[in-house]
Amino acid sequence: MNAFRFRRAAIAVTAAVTLPLTLAACGGDDSSSDAAADNASSSAPAEEKSSPAAEESTAMDGPFGPACASVPQDGAGSFDGMAQDPVATAASNNPALSTLVTAVKKAGLVDTLNNAQNITVFAPTNDAFAKIPKADLDKVLADKEMLTNILTYHVVGEKLTPQALESGTFDTLQKSTLSTKGSGEDYTVNDNSKVVCGNVPTANATVYIVDTVLMPKA
């Protein structure tokens, strides 16, 4: 009888010790799983939020505009090629800027532009020059002083980002000012000249290709 009572007491003690340990183990597993789930759910949104911002930043860093599609994909006239050369040399490798290059050479401004540092050039396309009546264009090309006056009006002595063009007035090398306005990928210079391929890097300048020749205000 005494032996039977002893066995019952031993079983009760064993159960009393084992049950809390089992419950503690189960509780520990649940909290670990919950913590892991919380960590996973909190980290996922951070990755989703950072990706679009990075893509938008990258998009604004490069050239933009409808005329950019006509720039060669490779070679010296490509965006990568132009980025390696100073601005006058880079322009000479772009077929759409051949009239501008001829004008720069006639004005003797090749070295001036190539040796300048951190400038912005608003570069008229061949079609922009074609808007000027041929007799008037020939007269300008034959007059070095007038030609220099016009060409230096297209140059600003600092590098301008697209954001700076949203609403700005800038001093030119010609000593008067030009103004810009716009947003996104749509910018206008002096209210009548549209940027058709902007934010093009060269070794010493940022180029904005425009569809109309800019005329000095004074």
Side-chain angles (χ1 to χ4, degrees), residues 63-116 119-157 159-160 165 170 172-180 185-218:
F64 63 84
C68 291
S70 65
V71 174
Q73 296 297 308
D74 49 40
S78 67
F79 291 130
D80 288 341
M82 291 178 70
Q84 306 304 313
D85 293 322
V87 64
T89 302
S92 70
N93 293 319
N94 188 322
L97 301 177
S98 60
T99 304
L100 173 63
V101 172
T102 297
V104 168
K105 289 178 178 178
K106 283 182 175 293
L109 293 174
V110 172
D111 289 340
T112 299
L113 294 177
N114 277 349
N115 292 328
I119 60 175
T120 295
V121 177
F122 293 92
T125 63
N126 295 343
D127 290 340
F129 280 100
K131 293 179 181 180
I132 302 173
K134 187 177 184 307
D136 293 340
L137 180 58
D138 289 344
K139 181 180 179 180
V140 170
L141 292 174
D143 186 332
K144 185 175 181 179
E145 182 178 354
M146 184 187 302
L147 184 59
T148 299
N149 196 47
I150 292 173
L151 292 178
T152 53
Y153 182 67
H154 289 74
V155 184
V156 172
K159 281 191 175 182
L160 301 178
L165 301 187
F170 307 100
T172 70
L173 296 192
Q174 184 266 344
K175 304 302 183 185
S176 61
T177 62
L178 58 77
S179 60
T180 61
E185 297 186 357
D186 184 13
Y187 296 95
T188 304
V189 186
N190 286 356
D191 295 324
N192 67 345
S193 186
K194 301 284 292 184
V195 174
V196 293
C197 183
N199 205 30
V200 179
T202 71
N204 68 325
T206 298
V207 176
Y208 291 89
I209 300 175
V210 295
D211 68 356
T212 303
V213 177
L214 306 175
M215 292 298 176
K217 297 177 180 179

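Computed from heavy atoms alone, side chains included, the values below leave out hydrogens, waters and symmetry copies. Here, residue 1 is the first one in the sequence, and each next residue gets the next number.
- For the pair V207 and A123, the tightest heavy-atom approach, listed with the atom from each and the gap, is CG1-CB, 3.9 Å.
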Side chain to side chain contact (heavy atoms under 4.5 Å, CB included) evaluation trace for S193 with T188: CA-CA 5 Å; S193 186; T188 304; 5.7 Å; no

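- Counting all heavy atoms, side chain and backbone alike, A107 lies closest to T148 at CB-OG1, 3.6 Å.
- Checked against salt bridge (charged side-chain N to carboxylate O under 4.0 Å, His left out), D186 has the following partners two or more places apart in sequence or in another chain: K194.
- Of all non-hydrogen atoms in L151 and A103, the two that sit nearest each other are CD1-O, 3.5 Å.
- For D211 against T125, the heavy-atom pair with the smallest separation is CA-OG1, 4.4 Å.
- Residues passing the ring-ring contact (aromatic ring centres under 6.0 Å, His included) test with Y153, sequence neighbours excluded: none.
- Side-chain contact between N190 and K217 is present, with heavy atoms from C-beta onward closer than 4.5 Å.
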Start with the C-alpha gap between L147 and L141, add the side-chain angles, then the distance that decides, and say whether side chain to side chain contact (heavy atoms under 4.5 Å, CB included) holds. CA-CA 6 Å; L147 184 59; L141 292 174; 4.1 Å; yes

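- Between the D143 side chain and the K139 main chain, no donor and acceptor come within less than 3.5 Å of each other.
- To the nearest 0.5 Å, atoms CG (N94) and CD1 (I209) are separated by 5.0 Å.
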Between V213 and H154, is the side chain to side chain contact (heavy atoms under 4.5 Å, CB included) condition met? List the steps. CA-CA 8 Å; V213 177; H154 289 74; 3.9 Å; yes

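- With contacts defined as side-chain heavy-atom distances shorter than 4.5 Å, the pair I132/M215 qualifies.
- A donor-acceptor distance shorter than 3.5 angstrom exists from the side chain of N126 to the backbone of P95, with no hydrogens or angles considered.
- Taking the side chain as every heavy atom from C-beta outward, P216 and I150 approach each other to under 4.5 Å.
- Side-chain contact check for T152 versus T172: every heavy-atom pair is 4.5 Å or farther apart.
- In this structure the side chain of L165 reaches within 4.5 angstrom of the side chain of F170, judged on heavy atoms.
- Between the CG atom of N204 and the CD1 atom of I119 there is a distance of 5.0 Å, given to the nearest 0.5 Å.
- Atom NZ of K159 is surrounded by more than 12 heavy atoms from other residues, nucleotides or ligands within 6.0 Å.
- At a threshold of 4.5 Å between non-hydrogen side-chain atoms, the residues F122 and L160 count as touching.
- Closest approach of A205 to V87, counting heavy atoms only: CB-CB, 3.8 Å.
- Contact check for L137 versus F129: side-chain heavy atoms found under the 4.5 Å cut-off.
- Counting only heavy atoms from C-beta outward, the side chains of Y208 and N199 approach each other to under 4.5 Å.
- Looking at D127 and K131, no side-chain N of the basic residue comes within less than 4.0 Å of a carboxylate O on the acidic one, giving no salt bridge.
- Using a distance-only test at 3.5 Å, with no hydrogens or angles considered, a donor-acceptor pair links the side chain of N93 to the main chain of T89.
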Would you mind writing out the side-chain donor-acceptor pairs for residues 66-82 within the sub-3.5 Å range, not counting sequence neighbours?
from: S70; atom 1: OG; to: A67; atom 2: O; distance (Å): 2.8
from: S78; atom 1: OG; to: G75; atom 2: O; distance (Å): 2.6
from: S78; atom 1: OG; to: G81; atom 2: N; distance (Å): 3.1

